[in-house]
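Please read all numbers here as calculations on a predicted model, not as lab measurements. For this chain, numbers begin at 1 and follow the sequence in order.
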Amino acid sequence: MRRLRLLLLPFSFVYGTIVFVRNWMFDKGYLKSTSYNFPVICVGNLSVGGTGKSPMIEYLIRLLKDDYKVATLSRGYKRKTKGFLLANEQTTAADIGDEPLQFYSKFKNDIQVAVEAERTVGIETLRNLEHSPEVILLDDAFQHRKVTAGFHVLLTPFYDLYANDFMLPAGNLREPVSGAKRADVIIVTKCPQEVSAEQQAKITKKLRPKTHQEVFFTTIAYSETIHNSTEEVLLSSLKDSEFVLITGIANPKPLLQHLNDQQLQYTHLKYADHYHFSESDINTIKQKAGNKRILTTEKDFMRLQGSLEHLFYLPIQVAFLADEALFQGKVGEFLKS
């Protein structure tokens with residue numbers, strides 16, 4: 001693997017140079033970027049793969065929904081439709097993508113959920129609705145430079161910091177590390193439950209935040225219960241018998257660690273991120289599972305529901321290790337400004 005990365009470094013240099021020049025052209029105004037006189041908050045990352053964007057969007061929804069009319073705007077990754085779509089009761093994952101459907105399923109009475117690849121078009125369409133949002137949350141739009149969000153939340157996972165990475169294809173970075181300067185806050189996600197002040201200081205130094213930036217540390221808080229459309233049972237009840245675990249996410253390691261810590265016995269069927277489950281895949285899962293319970297992530301549940309019996313998902317939330325009030329205060333200051 002190391003040798004392959006070395007062979008790919010020249011291609012990373014070429015790609016990185018192209019992205020750097022593109023960013024420079026946006027920074028200098030040679031390429032047009034639209035800013036807005038209402039709150040637009042962007043949640044994103046510098047790398048490909050799972051950094052915890054969806055849980056962070058949900059955290060912001062919970063933080064804001066009681067005081068503001070909120071909408072989320074996503075690209076709708078791997079959906080089978082095009083153009084602007086606003087989620088409703090008939091919407092499926094094929095229509096808008098699994099993550100937007102997850103937002104809608106959890107918060108449909110509180111927010112609007114939309115998809116549109118061209119974020120400027122999506123924002124304009126949302127604002128022209130009869131019941132237009134007051135705050136728009138952009139999901140995975142850090143590299144969408146045609147929009148200048150008012151507040152940028154940049155995520156980087158604890159075990160895969162962007163400061164330690166390379167540009168694609170040798171590494172996983174979508175853009176050079178210098179792009180982090182656009183962030184208002186940097187959040188180190190998926191941390192262990194205990195990260196010492198010394199470790200936090202070391203990581204913060206490695207990330208080299210600008211004077212206007214704050215660095216925060218979060219972990220994954222797993223629910224004590226598993227859910228489906230009609231049932232809610234204790235996760236600990238799975239200790240009584242083996243079950244089948246299905247994951248179609250970028251990095252299932254934290255979930256596996258959590259289940260192992262609970263001393264649960266399971267067979268893991270691992271698929272690619274945002275995997276489209278075919279009829280053949282469903283039949284294979286049914287054969288493996290038999291009458292056993294099937295556990296999956298909430299995102300995967302959006303694509304699998306209705307296809308499998310005894311299917312449950314394990315909800316997760318973002319939990320700050322410290323300084324949560326400071327983070328909320330920064331978001332609040334932006335909204336008031």
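- Hydrophobic cluster of Phe158: the remaining members, joined at side-chain heavy-atom separations below 4.5 Å, are Tyr15, Val19, Leu46, Val48, Phe142, Leu154, Tyr159, Leu161, Tyr162, Met167, Leu168, Leu173, Val177, Ile186, Val188, Val195, Ile203, Leu207, Val215, Phe217, Leu321, listed by chain and number.
- Between Lys181 and Asp27, the closest heavy-atom pair is NZ-OD2, 3.7 Å.
- Here the shortest heavy-atom pairing between Ser54 and Phe103 reads O-CE2, 3.8 Å.
- For residues 224-248, every residue pair satisfying the ring-ring contact (aromatic ring centres under 6.0 Å, His included) rule, not counting sequence neighbours, is listed here: His227-Tyr313, Phe243-Tyr266.
- With sequence neighbours excluded, the residues that form a side chain to side chain contact (heavy atoms under 4.5 Å, CB included) with Pro55 are Ile316, Val318.
- Remark: the Ser236 side chain and the Glu224 side chain contain no N/O donor-acceptor pair separated by less than 3.5 Å.
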Exercise for the section: Before giving the answer on side chain to side chain donor-acceptor pair (under 3.5 Å), spell out for Asp95 and Thr92 the whole-Å C-alpha distance, their side-chain angles and the decisive distance to 0.1 Å. Expected result: CA-CA 5 Å; Asp95 296 327; Thr92 67; 3.1 Å; yes
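- Residues passing the salt bridge (charged side-chain N to carboxylate O under 4.0 Å, His left out) test with Arg293, sequence neighbours excluded: none.
- One distance of note links OG1 of Thr34 with CD1 of Ile123; it measures 8.0 Å at 0.5 Å rounding.
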Exercise for the section: Please assess Arg182 against Glu175 for the test salt bridge (Lys or Arg N to Asp or Glu O under 4.0 Å), listing each intermediate value before the final yes or no. Expected result: CA-CA 12 Å; Arg182 301 195 305 276; Glu175 64 171 302; 2.8 Å; yes
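- At a cut-off of 3.5 Å, with distance as the only test, no side-chain donor of Gln102 or Asp98 sits close to an acceptor on the other residue.
- Closest non-hydrogen pair, Phe312 versus Phe301, comes out as C-CD1, 4.4 Å.
- Take His274 and apply the ring pair (Phe, Tyr, Trp, His ring centres under 6.0 Å) test, not counting sequence neighbours, and it matches Tyr77.
- Checked against side chain to side chain contact (heavy atoms under 4.5 Å, CB included), Asp110 has the following partners two or more places apart in sequence or in another chain: Lys65, Phe107.
- Within 6.0 Å of NE2 in His131 there are 12 or fewer heavy atoms belonging to other residues, nucleotides or ligands.
- Under the 30°/60° scheme for interplanar angles, the aromatic rings of Phe38 and Tyr36 are found to be tilted.
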